[in-house]
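Notes follow once the structure below has been shown.
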Amino acid sequence: MIQSNLAHEYVGDIPWDENPAFAFSDDAEQYLRAFKSVVDVIPVGGGKISFADEIWDFNPYFDGINDDSLKVQFIGLPQPLADYCKFFILYCIMGKKKISTANVRLSSFRSIYCNIAKTTSHDSIWLITTEDIMNEVKRRNISAGGQHDIFESVYQVYVFLKGNYHFELPVDLERLKKAAIEAKTTAKKDDSKLPNIPEEYFIAIVSAAVRVMRDIAQDYNVRTTACMLVMLSQLGLRLGDLLALRTNQLHSKKLAKSGVEAHYIHYKSRKPSKPHDKMLEFDVFSTPLCTEAFKILKELRNKCPLSMGNDYLFILEKRRNSKDDLPIPNHRFNHEYKKFLLAFLPEMSQRQWDGIPQSQYYVARNKYIRVSVPDTRQYRVHLCTALYEKGIPLAYIQRYMGHLSEYMLGYYVRPKDTFQENVKYTEEIVREIAGDGLTPLGGSFGEEIKVNIQKFIEDNNFNVLTDVSAIVKAMGERVIIRGKTGGVCIKTSLMPCPKETRTNEMFCAYNLCPNLFTFFYMADVTYMDFQMLQHTYEAMQSTGKTKAAQKELNKLKELCRRRLLPELKELRKELEKQGKDTICIKYPTLSEIVANQDKIEKEISTWMRKS
DNA sequence: TCCAAAGGAACAAGGGAAAG
DNA sequence: CTTTCCCTTGTTCCTTTGGA
C-alpha cells in the first residue's frame, strides 16, 4: 500500500486503505514521479487538493493556464461511487495521462450516469445496464464524434471499476468498445473540417480591430480585445496559447542587409506536447501590425491594477462576478469578442455567412440575438490559406504553424486535397532534380539519387520540361517524395536504404534521417535554425547549464556540417552558373543570404571551432 | 513491410443557470 | 441586468496498429 505521507505532496488525505489497489502498484516513488510528469508545480501555501473535496481544481498546479478542463467535478455522484471515481482520476494520472484528458473521461461518464439515474428506475451503478447507456446516448442525438467520446469514456471508467474493485456489473464492456469504434468510423466519414472565413467579413473584422486598437478614446476592455483580435488574425495561434502570452515574448532582430528590424514571438504550446515531455516551443513571425498590437497591449496593461505581480500580456478589468483568475479564461475573451463584433460591425455580424457559426447574445430579458462569430481556429485556417495562396510552400507553413506531423501538411489549407498536394510537390522536386540539376543535400546518396533519377528519365525517353507528371506517374512507388519540416524526404528503391525502418523514424524525428534532404534554396530556413541554436546555447551557457549547452553546441555543429555548409557551397555553385540576379528573382527569400554569404561562412567557422 | 485507418488525447465553443 | 461559470458538445491533431 502506498504511504499516505508521501501522497500528501499533490492530493492530500488519500485513504489508500479503502482502495483494494488492484490498479495501483506499491511504489510510492512511482506515484510521485507520475504526478510530477503531469503537473507543472506544487502550489505554494494553500489551495492544495484534499481527497474529500467535491471539486479537484488543478489550475494552481499549472503555469500559464486557467481552464475548466483542469477542474475535476465529482458533484452529483453518490458515495461510494464518487470515491471510486476519485481513484479513477488518480489511476489516470499514474498512467501519465494529462489531467484534462482524465477529466473529459470522467465528466462524460458522470453525465451519462447521472442522467440514467435520474430518468430511469436504474438509479445505481449496480443496476445500470449496457442497454441503458445505449438508450441515453441515442436520446441525446449528438454527433458521431461526440458519441465516440462518450462510449470511450464510459468504457474506460467501467474497465477501471471492474479491474480495480473486481465488481460484477451488468454491462457488456465489449459492446461499449465496439460502439465507440463504430461511432469513430462514422465520424471520420463525416469529415466536417472548419471552413475559411469569407474574405469580406475577415477584412471588416481586422480593419475594425485595427481602428479600435488605435483609438485612445475607447474603453480599456474594448481596446485590449481589439489588440488580441489583431494578433489572432496575424499569428493564427490557438486561443489558449494566445491568452497565455507574456510581456517578454516579443523579440526582434535586425535584418543584415536592409537594416529593417523584424519581430518574432517566441511561445510555448501545450497542445502538441506530451505530458511527460517538455512543452514544445515555437517562433512565429510578427507582422508590423501584430507588433503594434503587442506593444499597445503591453502599455495598456499598466493602467490595470490586476497587472501587478504578473506578466500576462492580456488582462481584463476587474469584474463583479469574476474570480479574476489569470491568464484570462477562454470564455471571458469570447464574451468580449462577441460584444466587439456586435458593437463595431452591427450589420455584418448579424448577417449569415457561409461557414461561420452563429451564437446567441443576450440583449434583454428573454431576448437574444444571433451573432456570426468566427471560431478562433478559423483565423488559423485563414492565415494558412493566405500564406498558401501567396505561394509559400506547405513545408514552410507547417513549420510556421508549429505542426509536428506530415498529417497536418495542408490540413488547414482550403480547399484541401493532400494527395494532389503531394503529387504537385513531387513534380516540383523532380523538375528541380532532373531539370535544373539541383543536388539533394544533407542526406546519404544525394548525388546518386540525382544521377539515378536523371538516368531513369533518360532510359524511358521522357522530356523533363514537358513530361513531369508522366515521369512522376511512371516512377510510382519507386520514388516517394514528401515535404517534411525542414527539408524533403526522398525515399527511393532506386537506392539501397542503409538503415532499417525503426531507426529511420528516430532519425527522422531529429532531422537526421538519411532520407531527409534539403536543397540550397532552403538555406534561409537553415540559417534561422542556426541562429536559434546559437541563442539557446548562449542562454544556457550564461545560466551555467554547461552540459545542456554542450548538447546544443553539438546540435549546432551537426546542423552546419550536414545542412548549412553543403547548402551554402551549392549556392555558390548555382550563383556561378546562373548569376546572382537570376537566383534572387527565382528564390527571393535567399537574397539576405546571398548578400551576406562571406559573413555567414565566417560566422560558421567561428562556431565550428568552439568547444 | 508499409501506410492508411484506428485510436487516443487535447483544445475550443455553445447554452443556460447562477451570481452578484 | 449583465457577466461569469458549469456542463455538454464539437473539433483538431498526434501516435499506434492492423491488414494488404
Side-chain angles (χ1 to χ4, degrees), chain A residues 55 65 67-71 73 75-76 92 95-105 107-108 110-112 114-115 140-150 152-153 156 177 180-185 187-194 221 237-241 243 269-275 277 280 316-317 319-325 328-339 357-368 371 373-378 380-381 401-409 411-412 418-419 477 480 482 491 497 500-502 504-505 509:
Chain A
I55 297 173
I65 204 171
D67 199 274
D68 288 345
S69 62
L70 295 177
K71 260 190 205 168
Q73 316 262 350
I75 297 163
C92 288
K96 290 191 179 171
K97 283 187 184 169
K98 286 194 187 173
I99 287 168
S100 50
T101 308
N103 196 11
V104 165
R105 295 286 167 250
S107 78
S108 299
R110 190 165 58 101
S111 85
I112 291 288
C114 289
N115 247 312
R140 293 189 180 196
N141 200 16
I142 51 179
S143 76
Q147 284 183 29
H148 164 79
D149 248 13
I150 289 183
E152 187 61 37
S153 303
Q156 285 189 13
K177 189 70 185 176
I181 294 169
E182 245 166 57
K184 181 76 179 186
T185 315
K188 281 268 162 177
K189 279 189 198 133
D190 287 354
D191 189 38
S192 52
K193 302 271 181 275
L194 272 183
N221 274 3
L237 292 191
R238 296 182 187 89
L239 186 56
D241 293 337
L243 292 169
S269 181
R270 259 202 169 79
K271 167 87 171 163
S273 313
K274 293 251 85 184
D277 285 343
L280 296 174
L316 289 172
E317 271 173 339
R319 272 278 180 251
R320 210 167 36 157
N321 279 349
S322 178
K323 290 182 263 177
D324 292 315
D325 285 337
I328 298 292
N330 292 8
H331 52 256
R332 287 195 68 192
F333 172 79
N334 281 331
H335 186 78
E336 296 292 332
Y337 171 34
K338 224 186 272 187
K339 209 162 71 174
Q358 291 203 308
S359 71
Q360 293 185 357
Y361 187 85
Y362 176 90
V363 267
R365 197 189 174 80
N366 290 329
K367 203 176 153 225
Y368 293 86
V371 193
V373 187
D375 189 307
T376 50
R377 286 162 297 183
Q378 287 182 288
R380 234 166 132 68
V381 175
M401 300 307 287
H403 289 146
L404 297 183
S405 66
E406 199 180 319
Y407 170 76
M408 286 310 292
L409 200 64
Y411 188 94
Y412 268 117
T418 322
F419 178 71
E477 293 294 295
I480 294 166
R482 293 281 155 78
K491 288 186 190 165
C497 180
E500 54 108 5
T501 336
R502 280 286 153 202
N504 262 356
E505 267 165 28

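Each chain gets a letter, A, B and so on, in the order its sequence line appears, and its residues count up from 1.
- Using a 4.5 Å heavy-atom threshold, the side chains of A/Leu239 and A/Asn334 count as touching.
- A straight line from CD of A/Glu152 to P of B/dA9 spans 8 Å, rounded to a whole angstrom.
- Look at CD1 on A/Ile328: it is 14 Å from P on C/dT3, rounded to the nearest Å.
- Between the CG atom of A/Asn330 and the C1' atom of B/dA12 there is a distance of 7 Å, rounded to whole Å.
- Side-chain proximity of A/Thr376 to the nucleotides B/dA12, B/dA9, C/dT9 is greatest for B/dA12.
- Separating the NZ atom in A/Lys338 from the NE2 atom in A/His331 is a distance of 12.5 Å, to the nearest 0.5 Å.
- Here A/Arg332 contributes atom CZ and A/Leu316 contributes atom CG; the two are 5.0 Å apart, rounded to the nearest 0.5 Å.
- The phosphate of C/dC13 has OP1 or OP2 within less than 4.0 Å of a side-chain N or O from A/Arg380.
- Look at CG on A/Asp241: it is 9 Å from C1' on B/dC11, rounded to the nearest Å.
- Looking at heavy-atom distances under 4.0 Å, A/Ser108 makes no contact with the nucleic acid at all.
- Here the nucleotide nearest the side chain of A/Ile150, chosen from C/dT9, B/dA9, B/dG15, is C/dT9.
- The interatomic distance linking A/Lys338 (NZ) with C/dT3 (P) rounds to 12 Å, in whole Å.
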Interface polar pairs with nucleotides 6-8 of chain C, N/O, under 3.5 angstrom:
from	atom 1	to	atom 2	distance (Å)
C/dC6	OP2	A/Lys71	NZ	3.1
C/dC7	OP2	A/Gln73	OE1	2.9
C/dC7	OP2	A/Gln73	NE2	3.0

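- Rounding to whole angstrom units, CD of residue A/Gln378 and P of B/dA13 are separated by 10 Å.
- In this structure, the CG atom of A/Asn334 is 16 Å from the C1' atom of B/dG16, given to the nearest Å.
- Considering only residues two or more places apart in sequence or on other chains, A/Ser153 meets the side chain to side chain donor-acceptor pair (under 3.5 Å) condition with A/Arg105.
- Shortest non-hydrogen contact noted between A/Leu243 and A/Phe333 is CD2-CB, 4.1 Å.
- Remark: A/Gln360 is in phosphate contact with B/dG16, judged by side-chain N or O atoms under 4.0 Å from OP1 or OP2.
- With A/Asn221 contributing its side chain and A/Glu317 its backbone, the two residues share a donor-acceptor pair below 3.5 Å.
- When distances are taken from the side chain of A/Arg332 to each of B/dG15, C/dT4, B/dA12, the shortest belongs to C/dT4.
- Side-chain atoms of A/Lys339 do not come within 3.5 Å of backbone N or O of A/Tyr361 as any donor-acceptor pair.
- In this structure, A/His335 atom NE2 and B/dA17 atom P are separated by 17 Å, rounded to whole Å.
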